[in-house]
Amino acid sequence: MFIESILLVSLINPVPSGENSTNVQMDAYPIYAQIQQPKDSTINKETIKTYELGQVTVSDHLEQMIKEESSNISFVRKDFLRKNRGNSLMKTMERLPGISTVGIGSGTSKPLIRGLGFNQVVVLTNGIKHEGQQWGADHGLELDQYNVDQVQIIKGPASISYGSDAIAGVIDIKDKPVPDRGSQGGSLILNAKSNTAWLGASANVYGRREKWFYDMRLSYASYGDFKVPADTVYVYDFGVALDQGKVRNTAGKEFDWSVKLGYLEGPLKNTLTAGRVYMKSGFFANAHGLEPRNVNEELHDSANRDILLPHQEVGHFKLIDQFSYRFEKHLIEADFGFQLNERKEWSQYVNHGFMPPNYPDELSYPSTLERSFDKKVFSMQLRDEWFLDQHQLQFGLSGEWQMNEIGGWGFLIPAYQKVSFGLYALDKFKINDEWQIQGALRYDHSRIAIEAYQDWFPSTEEQEEQPSNYLYRSQASTRTFNSQVWALGFNYAPGKFSFKGNIGTGFRVPIAKELGANGVNYHYYRYERGNAELSPERSYQLDLGGTLKEDQWLVTFSPFFNYFSNYIYLSPSAEYDYLYGAGNQVFNYTQSEVVRFGGELSVFHQINKSMNIELLGEYVYSEQVSGDKKGYTLPFSPPPSVLLNTTYKPLWTLGLGKPYLAVDYRLTAKQEQIVPPEKMTPGYRLVDLRFGAELNLFDSPLQLDFQVRNLFNTRYLNHTSFYRLIDLPEQGRSFNISFQLDI
């Protein structure tokens with residue numbers, strides 16, 4: 001009876017955050033149980049009864065989740081984020097195998113999973129898909145990197161549970177758990193970085209009184225132009241001198257806030273979160289627009305922290321409500337979200353083609369507003385987890401409505417409205433202690449209506465203002481997509497070994513840019529043209545994984561294979577647009593068959609109580625097997641890379657808490673597999689250094705962390721960088737320091 005009670009608690013009462021929890025595995029029973037005990041509670045010893053159990057194994061909850069999932073899943077905890085903090089959250093995570101980033105200046109970057117990214121990676125915050133960075137490679141994630149407690153990463157297609165766009169994987173960002181009852185506190189984070197003269201601060205307060213809890217955070221960061229170990233870069237083969245290696249006009253600032261209010265009583269929990277991220281950052285002045293040579297270098301070099309033209313401003317507001325309720329053997333969850341993404345790109349007016357030489361005064365936009373996007377998104381996620389004997393069933397329904405409005409004198413992406421919904425069912429069946437299998441099905445429907453757009457200037461030599469002389473850049477059109485996907489997976493864990501596999505399909509609905517783009521991308525010096533006839537991107541994937549855990553060793557190997565029957569990408573053509581694109585090369589969105597394979601290897605060895613070593617490796621190969629670019633790879637394919645790490649945690653403390661010293665040595669191979677106009681990228685070697693410790697300040701822990709990034713100031717090029725096309729090296733040496741005081 002006692003054991004049955006424990007199992008029932010495990011099935012229908014997931015441990016609320018903020019309470020102590022212990023996972024206990026009983027060999028005689030196939031299901032893991034969780035015993036809950038509030039921190040401030042006391043146990044009446046007279047009521048305790050003694051029962052004899054078999055062998056009991058205490059396990060880590062996250063480790064157990066990784067073991068039971070058939071997908072390639074991993075977690076990043078807050079200690080890792082703090083010790084490896086980069087200029088953005090994605091830069092912090094690129095140390096992980098299989099994760100790379102498209103860097104855009106100092107404070108912005110986009111994630112790539114196994115070489116796939118942009119609109120193929122879903123980023124979740126508080127259960128809702130983050131919408132706002134899908135416009136192009138030059139748009140990063142609008143996230144407060146200080147407001148992250150844990151990150152879950154799923155490599156490989158995850159369209160079953162997360163819907164379209166998750167064809168490459170998922171990055172699920174989670175904030176802090178619910179505070180303990182009667183607790184209150186806060187934290188203060190200060191950090192500085194020498195390369196960009198970065199100054200950042202973040203303050204947080206939280207508390208809980210029985211059923212109600214709150215959590216609030218304010219963050220601010222300001223940084224100057226970043227420095228590279230070079231005094232000249234070449235834009236269009238035109239040499240651009242850099243003042244003291246500073247990439248002019250790449251400074252920026254960021255101001256973020258968030259407020260969370262929650263209620264927790266028994267099986268019911270509801271959390272309402274509101275927050276906004278505001279970012280303003282400059283574009284490299286010599287690498288934006290049609291005339292990279294015409295830059296007032298004296299003006300731009302006069303100050304290091306000013307943000308002049310061209311630059312971008314992004315405001316991203318979120319309102320998310322998360323509800324959960326447990327009853328009998330069910331866990332019901334509902335997430336509702338609203339997002340408002342306001343993006344504006346500012347640049348001096350530059351005429352080309354039929355555009356008038358002088359900007360007309362009667363236009364409703366200022367002459368410096370090149371483009372603007374105002375995107376509103378309403379989202380909904382409903383789930384029912386049903387724990388039935390050895391089955392863990394899950395049924396889900398998701399829905400989304402988007403509306404995007406555009407402005408500015410430049411045109412690239414049309415305005416549109418999009419409605420989508422999806423249904424899925426998933427079953428995890430635990431056969432015995434060693435075997436578990438799972439299967440899933442999903443159906444999706446999506447409809448996108450693109451609005452027509454006409455140029456605001458006539459396309460004739462005589463500039464006659466007849467309606468027929470105003471070129472349609474985008475025709476009104478409506479597309480409807482329906483798709484079904486499936487997946488089968490297994491887990492086999494015989495003792496110190498564990499194996500997993502997943503086979504299935506994935507899909508992705510084309511976005512508005514891929515369907516309706518028609519204009520100059522001033523960041524890339526190219527003319528981008530969409531294709532309204534694109535079909536949904538479909539993937540067939542096989543993911544495998546093997547783990548050996550024994551004594552002081554932990555070895556993990558994760559190979560994968562993908563076949564895309566119609567991969568969507570931007571392909572360069574032999575055409576140049578002189579009438580509307582100032583002679584820029586035309587790139588067309590197209591589809592082709594693609595084969596991809598590769599994997600990640602992780603080896604961890606605990607040498608003794610104070611020292612460990614780690615090896616992290618990654619490899620991706622991709623090839624187009626049809627179309628005009630048959631035989632070429634895909635854009636932004638990361639080269640093979642290996643990272644060697646040694647971490648020393650001395651047993652002596654000298655009054656310090658948790659001291660550590662770590663050295664990372666990264667060896668990256670040259671990338672010769674390119675698709676023109678990409679350039680081959682030489683290999684490089686990098687050394688990073690980290691050390692830190694904890695002090696006691698007024699009975700509160702103060703964590704100090706130091707980093708030396710690019711210790712030897714190596715000049716190197718990152719093949720996945722936004723600035724790779726102009727041979728702009730990555731940042732040089734940087735001394736970073738961070739203080740975190742928990743109160």
Within the distance-only criterion (no hydrogens, no angle test), does the side chain of [X] pair as donor or acceptor with the backbone N or O of [Y] below 3.5 angstrom?
| X | Y | value |
| --- | --- | --- |
| Ser194 | Phe735 | yes |
| Gln552 | His605 | no |
| Gln606 | Asn608 | yes |
| Thr92 | Ser88 | yes |
| Gln591 | Ser535 | yes |
| Lys500 | Ser71 | yes |
| Lys679 | Leu725 | yes |

Going by atom types only, do [X] and [Y] share a side-chain donor-acceptor pair under 3.5 Å?
| X | Y | result |
| --- | --- | --- |
| Glu537 | Asn566 | no |
| Arg442 | Ser398 | yes |
| Asn645 | Thr647 | yes |
| Arg685 | Thr714 | no |

Could you walk me through whether Thr101 and Glu94 pass the side chain to side chain donor-acceptor pair (under 3.5 Å) check?
CA-CA 6 Å; Thr101 62; Glu94 69 179 357; 2.9 Å; yes
Lys/Arg-Asp/Glu bridge criterion (N-O < 4.0 Å) met for [X], [Y]:
| X | Y | answer |
| --- | --- | --- |
| Glu618 | Arg114 | no |
| Arg95 | Asp664 | yes |
| Lys630 | Asp628 | no |
| Glu514 | Arg508 | yes |
| Arg690 | Asp688 | no |

In Å and rounded to the nearest 0.5 Å, what is the [atom1] to [atom2] distance from [X] to [Y]?
| X | Y | atom1 | atom2 | answer |
| --- | --- | --- | --- | --- |
| Ser592 | Tyr569 | OG | OH | 5.0 Å |
| Tyr162 | Ile171 | OH | CD1 | 12.0 Å |
| Ser721 | Gln731 | OG | CD | 10.0 Å |
| Lys110 | Asn119 | NZ | CG | 7.0 Å |
| Ile511 | Tyr589 | CD1 | OH | 6.5 Å |
| Asn718 | Glu730 | CG | CD | 4.5 Å |

Charged tip of Lys193 within 45° of Tyr223 ring normal and under 6.0 Å:
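No cation-pi geometry.
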Measuring only between side-chain heavy atoms, which start at C-beta, is [X] closer than 4.5 Å to [Y]?
| X | Y | result |
| --- | --- | --- |
| Asn502 | Leu488 | no |
| Ser70 | Gln436 | no |
| Asn195 | Arg733 | no |
| Ile113 | Ile99 | yes |
| Lys629 | Pro572 | yes |
| Val151 | Lys174 | no |
| Gln392 | Lys430 | no |
| Met90 | Leu141 | yes |

Does the side chain to side chain donor-acceptor pair (under 3.5 Å) test come out yes or no for Ser74 and Asn72, once each step is laid out? CA-CA 7 Å; Ser74 59; Asn72 192 316; 5.4 Å; no
Report task. Verify the neighbour count for atom OH of Tyr665: are there more than 12 heavy atoms of other residues, nucleotides or ligands below 6.0 Å? Result ->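 Check passes, neighbour count above 12.
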Looking at Tyr632, I'd like to know if its OH atom is crowded, meaning that more than 12 non-hydrogen atoms belonging to other residues, nucleotides or ligands lie closer than 6.0 Å.
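No, not enclosed.
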Query - Thr556: side-chain hydrogen bond (donor to acceptor under 3.5 Å, both in side chains) partners, not counting sequence neighbours - result: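 side-chain hydrogen bond (donor to acceptor under 3.5 Å, both in side chains) list for Thr556, sorted by chain: empty.
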Handout entry: Single hit among Lys670, Arg724, Gln671 for side chain to side chain donor-acceptor pair (under 3.5 Å) with Thr681
Key =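 When side chain to side chain donor-acceptor pair (under 3.5 Å) is applied between Thr681 and each of Lys670, Arg724, Gln671, only Arg724 qualifies.
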* Would Tyr424 and Gln394 count as a side chain to side chain contact (heavy atoms under 4.5 Å, CB included) if you check the C-alpha gap in whole Å, the side-chain angles of each, and the deciding distance to 0.1 Å? -> CA-CA 8 Å; Tyr424 73 92; Gln394 187 176 140; 2.6 Å; yes
Apply side chain to side chain contact (heavy atoms under 4.5 Å, CB included) to the pair Leu634 and Arg596, showing each step before the final yes or no.
-> CA-CA 10 Å; Leu634 295 175; Arg596 302 175 67 254; 4.1 Å; yes
Exercise: identify the closest heavy-atom pair between [X] and [Y]:
| X | Y | value |
| --- | --- | --- |
| Gly599 | Phe560 | N-CE2, 3.4 Å |
| Thr590 | Ser571 | CG2-CB, 3.5 Å |
| Phe499 | Gly546 | CD2-CA, 4.2 Å |
| Ala230 | Leu242 | O-CD1, 4.1 Å |
| Ile613 | Ile607 | CG2-CD1, 3.7 Å |
| Ser573 | Asn588 | CB-ND2, 3.8 Å |

Look at the rings of Tyr716 and Tyr684 and say which category their plane angle falls in: under 30° parallel, 30 to 60° tilted, over 60° perpendicular.
->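 Correct class here is tilted.
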| Which word best sums up how the rings of Phe226 and Tyr723 line up, parallel for under 30°, tilted for 30 to 60°, or perpendicular for over 60°? |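 Tilted, since the angle between the ring planes falls between 30° and 60°.
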Item to check | Stepwise side chain to side chain donor-acceptor pair (under 3.5 Å) check, Thr633 with Ser622 | outcome: CA-CA 5 Å; Thr633 185; Ser622 58; 2.7 Å; yes
### Worked check of side chain to side chain donor-acceptor pair (under 3.5 Å) between Tyr660 and Asp705
CA-CA 9 Å; Tyr660 70 92; Asp705 298 286; 2.5 Å; yes
| message | side chain to side chain contact (heavy atoms under 4.5 Å, CB included), that's the test. Do Asn531 and Leu515 meet it? Break it down for me. | response | CA-CA 5 Å; Asn531 181 354; Leu515 295 170; over 6 Å; no
task: Could you please spell out the steps behind the side chain to side chain contact (heavy atoms under 4.5 Å, CB included) verdict for Val603 and Trp553?
output: CA-CA 7 Å; Val603 180; Trp553 288 91; 3.8 Å; yes
